[in-house]
Asks: 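One structure, pasted below without further comment.
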Amino acid sequence: MTIKIYNTMTRQKEVFNPITPGEVKMYACGPTVYNYFHIGNARTFIVFDTIRRYLEYRGYKVKFIQNFTDIDDKLIRRANEEGTTVKEVAEKYIKEYYKDADGLKIKRATVNPRATEFIGEIIAFVKDLVDKGYAYVVDGDVYFDTTKFKEYGKLSHQSIEDLEAGARIEIDERKRNPMDFALWKAKKEGEPAWESPWGEGRPGWHIECSTMACSLLGETIDIHGGGADLIFPHHENEIAQSEARNGKPFANYWMHVAYLNVNNQKMSKSLNNFFTAREILEKYDAEVVRLFMLSGHYRNPINFSIELLDQAKAALERLYNAIANLEHVIETSEDRELTAEELEFFNRLDSFRERYIEVMDDDFNTADGISVIFDLVREVNTNIKEGSPKKLAQKALDLIRELGSPLGILEKSTKGSLDEEIERLIEERQKARKEKNYALADKIRDQLKEMGIILEDTPQGVRWKRI
Ligand SMILES: Nc1ncnc2c1ncn2[C@@H]1O[C@H](COP(=O)(O)OP(=O)(O)OP(=O)(O)O)[C@@H](O)[C@H]1O
Ligand SMILES: [Zn+2]
């Protein structure tokens with residue numbers, strides 16, 4: 001069985017063959033650190049985290065790089081607005097990035113390089129392009145000449161003529177061709193700048209990623225990705241620069257995550273239609289957010305709504321109830337021989353893993369992977385009860401947790417959060433009773449019952465237990 005990846009470059013699913021057997025070199029474009037990230041950005045980060053986790057689950061050693069863009073126009077504007085430096089803005093939002101990413105259970109990348117740590121390498125890269133005739137210098141700016149790279153447009157499947165025709169006519173006399181882009185920008189008043197052969201200046205955005213990917217992973221990498229908005233021009237430009245300089249393919253598989261939308265529009269800072277990851281994490285557990293994000297295939301857009309998050313919350317609770325029930329069986333049952341029927345289910349459990357791997361191997365279809373987990377849980381609920389043998393319950397429990405882990409879900413102990421939720425509902429019910437709101441009190445009792453919890457009113461107060 002092999003993993004297949006949809007490659008934006010060829011527009012088809014291809015068998016995944018890493019350059020070095022057993023190892024994956026993967027680069028995803030990270031955040032521009034001038035603000036808290038929103039849950040649109042979070043979708044892309046969570047998807048690449050899941051791909052990385054799944055590749056590890058399938059036995060690969062993954063070197064995963066996600067950069068920080070810590071110098072660009074937005075950071076400069078922000079620093080000016082706040083009366084601080086670009087460096088301070090970047091420091092602050094990198095720290096905040098880690099808080100939120102950790103909060104979303106996004107595993108730390110192997111390296112999170114910052115563009116400003118690679119200025120020397122970037123200058124060398126640009127210099128090579130100038131020396132090879134792919135770039136030209138105009139008054140301290142350096143531009144990439146897109147007409148020199150014959151395959152320009154191959155990722156976004158557009159010819160350079162189409163691109164030029166479609167480009168907004170911004171007359172820029174400094175550029176030889178409309179699609180040319182800046183590799184190095186001459187210093188403007190009040191901007192941070194570094195010494196270079198072309199005078200003081202700073203790097204363009206695209207060259208930063210090419211340089212960091214190439215320096216940390218090599219001239220050809222396995223997987224390069226980001227959100228779908230990066231296909232053009234960012235990744236197209238990264239390819240042009242890297243392949244012009246190195247004369248070999250830059251990345252073998254290009255992966256792009258579809259947008260998280262709000263009312264069918266891309267969630268973005270500029271449209272001001274966003275929720276920060278932080279706001280959402282105040283109300284929802286990381287695993288709820290991940291289950292919501294991964295319930296659709298990463299190449300399909302998803303629409304964000306609070307209702308859908310609530311549905312994900314209820315769905316996750318169902319899974320944790322099954323886990324709690326299994327833990328209860330393990331605690332209370334004896335390790336007896338399995339009946340013929342139990343043995344059949346014990347053996348059949350492995351088929352859920354096989355099915356899960358089959359769907360996840362097919363371009364990381366997390367939507368189907370999650371369905372497999374729900375199918376498994378449904379069968380576990382009917383086949384394993386109080387008194388079922390310990391061995392059977394343990395195998396089912398281990399499997400549920402195992403299949404959750406590449407998705408970054410079902411990793412919590414049931415002792416903590418679920419109990420807290422129950423305690424909270426019980427308190428709410430007590431309050432309702434005190435206020436003689438018996439209808440509400442009964443409703444909460446029923447809700448708890450649905451969660452598999454029954455209440456006993458004792459002289460010492462309310463006690464609860466799992467059914
Ligand atoms: N709505 C979205 N859905 C999915 N991915 C997104 C969305 N918006 C941005 N991304 C991705 O998030 C990652 C971080 O990008 P970056 O920090 O540059 O955000 P951005 O593009 O500036 O966001 P915005 O569009 O809100 O200004 C990129 O891979 C980008 O493609
Ligand atoms: Zn990038």
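In what follows, every heavy atom counts, from backbone to side chain, and hydrogens, waters and symmetry copies are set aside. Numbering of ligands and ligand atoms starts at 1, following listing order. Source: prediction; values computed, not measured.
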Asks: Given E402 and Y356, is the side-chain hydrogen bond (donor to acceptor under 3.5 Å, both in side chains) satisfied, shown in steps?
Replies: CA-CA 11 Å; E402 175 189 320; Y356 175 87; over 6 Å; no
Asks: Please list the nearest protein heavy atom to atom 3 (N) of ligand 1 with its residue and the distance rounded to 0.1 Å.
Replies: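 Residue, atom and distance for the closest contact: L260 N, 2.9 Å.
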Asks: For N67 and Y27, does a side-chain donor sit closer than 3.5 Å to a side-chain acceptor?
Replies: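 Yes, side-chain donor-acceptor contact under 3.5 Å.
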Asks: What are the atoms of ligand 1, with element, lying closer than 4.0 Å to any heavy atom of S268?
Replies: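 Answer for ligand 1: 24 (P), 25 (O), 26 (O).
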Asks: Considering heavy atoms of the protein only, find what lies nearest to atom 1 (N) of ligand 1 and give residue, atom and distance to 0.1 Å.
Replies: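 So the nearest neighbour among protein heavy atoms is M267 O, 2.9 Å.
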Asks: With respect to G40, determine whether any N or O atom, backbone or side chain, lies less than 3.5 Å from an N or O atom of ligand 1.
Replies: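 Indeed, backbone or side chain, G40 has an N or O that close.
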Asks: Give the residue and atom name of whichever protein heavy atom lies nearest to atom 17 (O) of ligand 1, and the separation in Å to one decimal.
Replies: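 That would be T32 N, 3.0 Å.
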Asks: Look only at interatomic distance and state if Y34 has a nitrogen or oxygen under 3.5 Å from any nitrogen or oxygen of ligand 1.
Replies: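 It does not: no N or O of Y34 is found under 3.5 Å from an N or O of ligand 1.
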Asks: Just jot down the ligand 1 atoms closer than 4.0 angstrom to any heavy atom of G227, in number order.
Replies: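 What qualifies from ligand 1 is 29 (O), 31 (O).
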Asks: Does ligand 1 have a heavy atom under 4.0 Å from the side chain of N41, from its backbone, from both, or from neither?
Replies: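 Under 4.0 Å from ligand 1, N41 contributes backbone and side-chain atoms.
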Asks: Are any N, O or S atoms from H206 nearer to the Zn ion (ligand 2) than 2.8 Å?
Replies: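 So H206 does not count as coordinating the Zn ion (ligand 2).
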Asks: Pull out every atom of ligand 1 sitting under 4.0 Å from any heavy atom of K74, numbered as shown with elements.
Replies: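 Atoms satisfying the 4.0 Å criterion: 22 (O).
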Asks: State whether a side-chain donor-acceptor pair under 3.5 Å links K25 with T20.
Replies: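 Side chains of K25 and T20: pair found under 3.5 Å.
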Asks: For the Zn ion (ligand 2), does an N/O/S atom of H235 lie at less than 2.8 Å?
Replies: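 So H235 does not bind the Zn ion (ligand 2) by this criterion.
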Asks: Which residue and atom name correspond to the protein heavy atom nearest atom 5 (N) of ligand 1, and how close is it?
Replies: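 Atom 5 (N) of ligand 1 sits closest to the protein heavy atom T44 OG1, 2.8 Å.
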Asks: Compute whether any side-chain donor of one residue and acceptor of the other, for D363 and Y298, lie under 3.5 angstrom apart.
Replies: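 Yes, side-chain donor-acceptor contact under 3.5 Å.
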Asks: What protein heavy atom sits nearest atom 8 (N) of ligand 1, and how far off is it?
Replies: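 Its nearest protein heavy-atom neighbour is K266 CE, 3.3 Å.
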Asks: Between the main-chain N or O of H38 and the side-chain N or O of N41, is there a donor-acceptor pair closer than 3.5 Å?
Replies: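 Yes: the side chain of N41 pairs with the backbone of H38.
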Asks: In terms of side-chain heavy atoms, does T116 have a donor or acceptor partner in D70 at a distance below 3.5 Å?
Replies: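 Side chains of T116 and D70: pair found under 3.5 Å.
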Asks: Establish, from distance only, whether the side-chain atoms of Y97 and Q66 form a donor-acceptor pair under 3.5 Å.
Replies: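 The criterion, which ignores hydrogens and geometry beyond distance, is satisfied for Q66 and Y97.
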Asks: Report yes if the side chains of V289 and K105 come closer than 4.5 Å at any heavy-atom pair, otherwise no.
Replies: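 They are not in side-chain contact.
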Asks: Does a donor on one side chain sit under 3.5 Å from an acceptor on the other, for E236 and S156?
Replies: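 A donor-acceptor contact under 3.5 Å links the two side chains.
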Asks: Run down the list I302, I39, D229 and name the one with the heavy atom closest to atom 30 (C) of ligand 1.
Replies: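 Heavy atom nearest to atom 30 (C) of ligand 1 belongs to D229.
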Asks: Using the six-membered ring of F125, assess whether NZ or CZ of R245 lies under 6.0 Å from its centre and within 45 degrees of the ring axis.
Replies: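 Yes; both conditions hold, so R245 lies above the ring face of F125.
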Asks: Y60: what forms a ring-ring contact (aromatic ring centres under 6.0 Å, His included) with it, not counting sequence neighbours?
Replies: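 Y60 satisfies ring-ring contact (aromatic ring centres under 6.0 Å, His included) with F16 only.
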Asks: Could you list which atoms of ligand 1 come closer than 4.0 Å to a heavy atom of H38?
Replies: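 With H38 as reference, the close atoms of ligand 1 come out as 8 (N), 23 (O), 24 (P), 26 (O).
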Asks: Quick one: which ligand 1 atoms are inside 4.0 Å of a heavy atom on L230?
Replies: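 Ligand 1 atoms under the 4.0 Å threshold to L230: 28 (C), 29 (O), 31 (O).
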Asks: Under 3.5 Å, is there a donor-acceptor pair between the N303 and N263 side chains?
Replies: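 N303 vs N263: no donor-acceptor pair found between side chains.
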Asks: Which protein non-hydrogen atom lies closest to atom 26 (O) of ligand 1, naming both residue and atom, and how far is it?
Replies: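 Protein heavy atom with the smallest distance to atom 26 (O) of ligand 1: K269 N, 2.5 Å.
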Asks: For ligand 1, indicate whether the residue C29 contacts it via side chain, backbone, both or neither (heavy-atom separation under 4.0 Å).
Replies: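 The part of C29 near ligand 1 is the backbone, not the side chain.
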Asks: With nothing but distance in play, are any N or O atoms of G226 less than 3.5 Å from an N or O of ligand 1?
Replies: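 No; the residue has no nitrogen or oxygen that sits under 3.5 Å from a nitrogen or oxygen of the ligand.
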